[in-house]
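Counting begins at 1 with the first residue of the sequence. FYI, side chains are in, hydrogens and waters are out, and symmetry mates aren't considered; it's all heavy atoms of this structure.
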Amino acid sequence: MVHGSLLILSVALALQAPEPGSTALERRKADLIQQIEAAAAAEHPVFGIDTQILAASVLKGHDDVHAARFLGDAGQRTLLLADAATRAHFLKRIVELLAPLDARRAESLCASQSRRPPGQQADPLAVCYDQLIAGLKDWDQSREAFARALAAGAYNLSSTERLLKQARDNHAADFAPLLAAVVDRLPARPEADEIARLESVADAWRRTEPALIRQALARCRAARAALARRSGHTADARSDLKEPASPLAAPVEPAGEEQGSSKLNLNFNFDIDFGFGTGKDVEDAELKNLPEIANLPLDAALALARSQTYAGARAAMLADILDTRSAELDSTRWAWLAEESLRESGGMRTSGDRLILLAELALWCYQHGEKALAATAAQSLATSFDALVQCGDASCAIFRNGGAPGTLIMLFAEYLRKNNIEPADLGLHHPGLQSRWLLFELDALFEDKSDQKNKSDQKDKPDQKDKSGPEGPAGPEG
């Protein structure tokens with residue numbers, strides 16, 4: 001199987017210590033990049049694009065050429081996504097990373113997006129240009145990119161008010177032409193959020209250019225009336241919306257202000273005890289606030305666990321007893337409880353909590369020599385994992401919570417990595433899990449390279465011994 005071969009190769013590489021010198025590290029890097037490219041290509045586009053973006057975030061600053069290539073490939077792949085919100089989400093992340101590396105290529109990616117169909121809420125074109133403009137520090141470049149965005153049909157831009165204020169404060173000669181462009185470029189058939197954007201501009205600058213503001217308000221009234229006719233409703237003369245929302249998420253922060261890092265964060269802080277992350281597909285809400293059993297006698301704790309109504313609660317509490325009170329259980333009773341917890345887990349909802357429970361049961365059973373139970377837990381884990389991260393359509397079932405589709409897979413890969421569990425040992429061959437496993441290897445490679453450089457720098461420093469005595473530096477004898 002191709003995916004299994006990729007994973008076996010990555011594990012083999014991980015077990016080999018890097019040879020001294022940059023040549024060996026470069027060869028290892030090239031091998032990992034090739035494997036990640038192949039793994040990403042084998043994934044569903046929603047997962048594969050996420051893999052390519054994560055790979056670029058790891059490579060950026062170490063190998064910008066390959067980082068830009070991953071981002072360019074991811075950008076082209078977004079054209080395969082029919083769901084506009086999904087595409088907008090990815091374009092924002094891609095452009096944020098790509099613009100500092102290759103601004104022209106990033107803008108070309110934005111220009112390849114078409115104007116959204118009527119009635120569609122998400123606006124990938126505006127999101128893409130907004131992110132591009134936010135990354136530009138030079139005024140002329142920002143102004144020119146904004147003009148090209150308007151010309152391309154991107155109108156609901158959170159950059160609009162910021163650029164107008166910047167022009168008014170620092171580039172007075174550009175203010176009126178910029179405001180005129182905003183008024184003139186309102187699309188012929190604008191969406192409600194685009195009309196609201198122009199109304200917001202008119203509100204903010206109503207005392208600066210009266211003629212332009214009157215023109216803007218007239219255009220807004222006409223556009224709202226036309227929109228109402230198309231939707232079959234009566235239009236208000238004026239919208240109550242004062243601060244129009246961005247077409248996808250919060251406004252993009254401009255360059256020079258503090259922004260969240262795009263660097264891959266491998267230190268996930270999630271609860272290893274049956275819960276991590278957020279979102280209805282990740283957490284099982286009925287596993288919160290379970291009864292406390294740590295201070296109860298063993299038999300009382302078991303009775304309380306078995307009295308729970310929800311099978312998932314019974315499974316989790318029994319597993320907790322297996323983990324924390326194994327010293328009180330002989331091998332036979334431990335195996336019985338493990339089998340009971342595994343059986344009860346079949347009644348759990350498919351969630352990230354279920355994955356963690358099954359992974360821990362598989363690991364514990366393996367460590368206790370219960371190979372048959374470990375195999376059963378691993379098979380159940382593989383089935384549950386595939387069910388949770390399934391992505392049978394363009395929008396992807398687990399994307400509806402607003403996060404990146406690959407986040408859950410990355411979290412679970414990190415859990416396995418922290419516990420030294422090879423995915424293949426649990427029968428897991430999901431391509432998304434394999435590609436993220438490779439990303440960890442790539443990130444670790446750069447950490448090793450950085451450590452080697454630091455050691456080399458320390459070695460090259462001259463030995464500067466402190467020649468000062470208890471009463472200060474020694475002066476010339478006199």
Let me confirm one number: the [atom1]-[atom2] distance from [X] to [Y], rounded to the nearest 0.5 Å.
{"X": "Leu445", "Y": "Glu26", "atom1": "CG", "atom2": "CD", "result": "8.5 Å"}
{"X": "Tyr155", "Y": "Ile195", "atom1": "OH", "atom2": "CD1", "result": "10.0 Å"}
{"X": "Leu381", "Y": "Thr376", "atom1": "CG", "atom2": "OG1", "result": "12.5 Å"}
{"X": "Gln52", "Y": "Thr78", "atom1": "CD", "atom2": "OG1", "result": "10.0 Å"}
{"X": "Glu37", "Y": "Thr51", "atom1": "CD", "atom2": "OG1", "result": "12.0 Å"}
{"X": "His66", "Y": "Leu71", "atom1": "NE2", "atom2": "CG", "result": "12.5 Å"}

Student check: side-chain heavy atoms of [X] and [Y] closer than 4.5 Å:
{"X": "Phe146", "Y": "Tyr129", "result": "no"}
{"X": "Leu329", "Y": "Trp336", "result": "no"}
{"X": "Val65", "Y": "Asp63", "result": "yes"}
{"X": "Asp353", "Y": "Glu286", "result": "no"}
{"X": "Trp334", "Y": "Ser326", "result": "yes"}
{"X": "Ser384", "Y": "Met348", "result": "no"}
{"X": "Leu91", "Y": "Gln113", "result": "yes"}
{"X": "Phe446", "Y": "Leu59", "result": "yes"}

Any side-chain to backbone donor/acceptor pair from [X] onto [Y]? Under 3.5 Å, distance only.
{"X": "Ser341", "Y": "Leu337", "value": "no"}
{"X": "Glu292", "Y": "Ala294", "value": "yes"}
{"X": "His368", "Y": "Glu370", "value": "no"}
{"X": "Arg354", "Y": "Arg349", "value": "no"}
{"X": "Asp64", "Y": "Gly61", "value": "yes"}
{"X": "Asp130", "Y": "Ser158", "value": "yes"}
{"X": "Ser108", "Y": "Arg104", "value": "no"}
{"X": "Gln308", "Y": "Tyr310", "value": "no"}
{"X": "Arg115", "Y": "Ala154", "value": "no"}
{"X": "Ser200", "Y": "Ala196", "value": "no"}

Lys/Arg-Asp/Glu bridge criterion (N-O < 4.0 Å) met for Asp299, Arg333: yes
Carefully, step by step, assess Arg306 and Leu302 under the rule side-chain contact (heavy atoms from CB on, under 4.5 Å). CA-CA 6 Å; Arg306 288 166 175 153; Leu302 288 169; 4.0 Å; yes
Closest non-hydrogen atom pair between [X] and [Y], with its separation:
{"X": "Arg314", "Y": "Thr309", "answer": "NH1-O, 2.9 Å"}
{"X": "Leu290", "Y": "Leu287", "answer": "CG-O, 3.4 Å"}
{"X": "Cys365", "Y": "Ala374", "answer": "CB-N, 3.6 Å"}
{"X": "Ala88", "Y": "Val127", "answer": "O-CG1, 3.5 Å"}
{"X": "Gln121", "Y": "Arg116", "answer": "O-NH1, 2.9 Å"}
{"X": "Leu132", "Y": "Leu136", "answer": "O-CG, 3.5 Å"}

Go through the steps to decide whether Arg436 and Glu43 satisfy the test salt bridge (Lys or Arg N to Asp or Glu O under 4.0 Å), and finish with yes or no. CA-CA 11 Å; Arg436 280 149 187 79; Glu43 294 181 79; 3.2 Å; yes
Single hit among Arg197, Glu194, Glu191 for side chain to side chain donor-acceptor pair (under 3.5 Å) with Asn156: Arg197
List the steps, then state whether side-chain contact (heavy atoms from CB on, under 4.5 Å) holds for Glu360 with Asp323. CA-CA 9 Å; Glu360 289 182 330; Asp323 181 34; 5.9 Å; no
Start with the C-alpha distance between Ile36 and Ser435, add both sets of side-chain angles, then the distance that settles side-chain contact (heavy atoms from CB on, under 4.5 Å), and finish with yes or no. CA-CA 6 Å; Ile36 292 168; Ser435 63; 5.5 Å; no
Step-by-step side chain to side chain donor-acceptor pair (under 3.5 Å) determination, Arg93 to Gln131: CA-CA 8 Å; Arg93 293 173 61 198; Gln131 186 61 59; over 6 Å; no
May I have the step-by-step check of side-chain contact (heavy atoms from CB on, under 4.5 Å) for Leu358 and Ser345, ending in yes or no? CA-CA 8 Å; Leu358 290 171; Ser345 72; 3.5 Å; yes
Does Asp330 have more than 12 heavy atoms from other residues, nucleotides or ligands lying within 6.0 Å of its CG? yes
Among all residues two or more places apart in sequence or in another chain, which pass the side chain to side chain contact (heavy atoms under 4.5 Å, CB included) test with Ala300? Leu296, Pro297
